[in-house]
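Notes for the one structure printed next.
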Amino acid sequence: MTQPTSRASIHYWQSLTAPELAALADDTTVAVLPLAAIEQHGAHLPLSTDLEIGNGLLVAALSRLETSASVVVLPPLVLGASLEHTGFAGTLSLSPEAAIGVIESLGDAVNRAGIRRLVLFNSHGGNKAVIDLAALKLRAAHAMLVVKANYFRFAPPADALPAEELRHGLHGGALETAMMLHLAPEAVRREHLVEAVSEGQTRASAGATLGPEGDAGYAWMAQDLHPSGVTGNARLADADTGRRLVAHFATRLATVIDETVAFDLTTLR
């Protein structure tokens, strides 16, 4: 990762010695665990898409921090819970139980190092459920502040992409493709950009309120939404939109980390 420039004292867990880590850990120190996935994203995006986007957003966020506290970035958890994409070649998936166990184990290590503030920064939708459970278990076990930050749940910038695309372009659509065109343009197979209309969009157009996501959703495998495993219109993507998205999401993530530093731990009773 490119070293950011901000007021914060940024450290990378694996680059520290054990005494150095012990010396910097105090009541305000925040650990950040990036969580991603290696999984299919159609013919136009690489298997590393979630990892590339997560790393790019985190680097941009670290350069925007206002806090002067120490922030320790753990090695990314590259593999995630990707059961919904296992029907396609290349997907590497941990079982939900394994994913929860790994996150718990890493949280335990953060606690042993004397750090009580942990941000789980997630760039893969399939990780949401396991993060919820692991975070609660860590809170119960250690009275830690465990913050769950999923960038795809951050409100997007106004007019960046059509509302229908943001709603239904869940995987490999314009949003992810635009950010990849900004962060890793050489990795995008532009000749394979497609519009993949989601089954969710088709159902909504017909008046259905039950879809793959929303206030009432059904469990889905990627092929249920489109035979390609992609949903959304990647042809709407461009690098400038990706730049705007990255800056916007990174600013929100920086605020989350800053507020994690300021959080009153005495409220964790």
Side-chain angles (χ1 to χ4, degrees), residues 1-36 51 53-78 80 99-124 127-128 130-151 153-154 246-269:
M1 291 183 183
T2 303
Q3 290 289 339
T5 56
S6 73
R7 296 178 62 240
S9 176
I10 310 296
H11 306 270
Y12 291 89
W13 187 284
Q14 65 272 23
S15 299
L16 297 166
T17 66
E20 287 169 346
L21 178 59
L24 67 85
D26 62 25
D27 193 51
T28 64
T29 303
V30 174
V32 179
L33 173 59
L35 298 116
L51 179 62
I53 290 173
N55 283 343
L57 292 177
L58 181 56
V59 168
L62 293 175
S63 69
R64 290 165 163 79
L65 293 176
E66 294 294 331
T67 181
S68 59
S70 295
V71 177
V72 185
V73 181
L74 281 84
L77 184 51
V78 173
I100 292 169
V102 171
I103 297 169
E104 277 192 88
S105 294
L106 296 175
D108 290 343
V110 169
N111 179 71
R112 289 196 304 274
I115 300 173
R116 291 186 60 205
R117 303 171 192 265
L118 172 63
V119 175
L120 303 177
F121 172 55
N122 179 37
S123 56
H124 164 53
N127 285 336
K128 289 184 298 184
V130 299
I131 287 172
D132 284 345
L133 290 168
L136 184 57
K137 294 181 78 173
L138 288 168
R139 162 63 189 89
H142 303 303
M144 297 173 69
L145 173 63
V146 185
V147 175
K148 303 167 290 183
N150 302 283
Y151 89 81
R153 286 187 167 175
F154 296 167
V246 168
H248 182 86
F249 292 144
T251 298
R252 175 59 183 144
L253 177 59
T255 300
V256 170
I257 296 172
D258 283 332
E259 292 192 9
T260 300
V261 173
F263 191 94
D264 181 3
L265 295 180
T266 64
T267 65
L268 303 179
R269 301 178 179 90

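Nothing here was measured: the structure is a model prediction, and the numbers come from that model.
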Distance (rounded to the nearest 0.5 Å) between S105 OG and L77 CG: 10.5 Å
Main-chain N/O of N150 paired with S123 side-chain donor or acceptor, under 3.5 Å: no
Side-chain donor-acceptor pair present, R117, T260, cut-off under 3.5 Å: no
Least distance between heavy atoms, L33 atom then P75 atom: CD1-O, 3.7 Å
Contacts of L136 that satisfy side-chain contact (heavy atoms from CB on, under 4.5 Å) - sequence neighbours left out: none
Heavy-atom side-chain contact between V261 and L65 under 4.5 Å: no
Salt bridge (charged side-chain N to carboxylate O under 4.0 Å, His left out): pairs with one or both residues in residues 246-257, sequence neighbours excluded: none
Under the side-chain contact (heavy atoms from CB on, under 4.5 Å) test, residues paired with T266 that sit two or more places apart: D264
Those residues that, when tested against F121, pass ring-ring contact (aromatic ring centres under 6.0 Å, His included) (two or more places apart): none
Within 6.0 angstrom of K128 NZ, more than 12 heavy atoms from elsewhere: yes
Side chain proximity check, V73 to L62, heavy atoms < 4.5 angstrom: yes
Note, L57 side chain near V246 side chain (heavy atom, < 4.5 Å): yes
With T28 via side chain to side chain donor-acceptor pair (under 3.5 Å) - residues at least two apart: D26
Separation of L138 CG from L133 CG (nearest 0.5 Å): 11.0 Å
W13 versus V72, closest heavy-atom pair with distance: CE3-CG1, 3.6 Å
Side-chain (T67) to main-chain (I257) donor-acceptor, under 3.5 angstrom: no
Close side-chain approach of L35 to H124, heavy-atom, < 4.5 Å: no
Reported CG-to-CG distance for the pair N127 and L120, which is rounded to 0.5 angstrom: 10.0 Å
Non-hydrogen side-chain atoms of H11 and E20 separated by less than 4.5 Å: no
Partner residues of T267 under the side chain to side chain donor-acceptor pair (under 3.5 Å) criterion, sequence neighbours left out: none
A143 backbone acceptor or donor facing R116 side chain under 3.5 Å: yes
Residue pair L145 / L268: nearest heavy atoms and the distance that separates them: N-CD1, 3.5 Å
Nearest atoms (heavy-atom pairs only) where I115 meets A25: CG1-CB, 3.8 Å
Under the side-chain contact (heavy atoms from CB on, under 4.5 Å) test, residues paired with A61 that sit two or more places apart: A250, L253, A254
Value rounded to 0.5 Å, distance of CD1 in I53 from OH in Y151: 4.0 Å
For E259, all residues meeting side chain to side chain donor-acceptor pair (under 3.5 Å), sequence neighbours excluded: none
4.5 Å side-chain heavy-atom contact, P76 and N55: yes
Contacts of type side-chain contact (heavy atoms from CB on, under 4.5 Å), residue A109, not counting sequence neighbours: R112
Sequence-distant partners of H142, side chain to side chain donor-acceptor pair (under 3.5 Å), two or more places apart: D108, N111
Pair V147-F263, side chain to side chain contact (heavy atoms under 4.5 Å, CB included): steps then yes or no: CA-CA 11 Å; V147 175; F263 191 94; over 6 Å; no
Atom of M144, atom of R139 and distance for their closest heavy-atom approach: O-CD, 3.3 Å
Spacing of L74 atom CG and Q14 atom CD [to the nearest 0.5 Å]: 8.0 Å
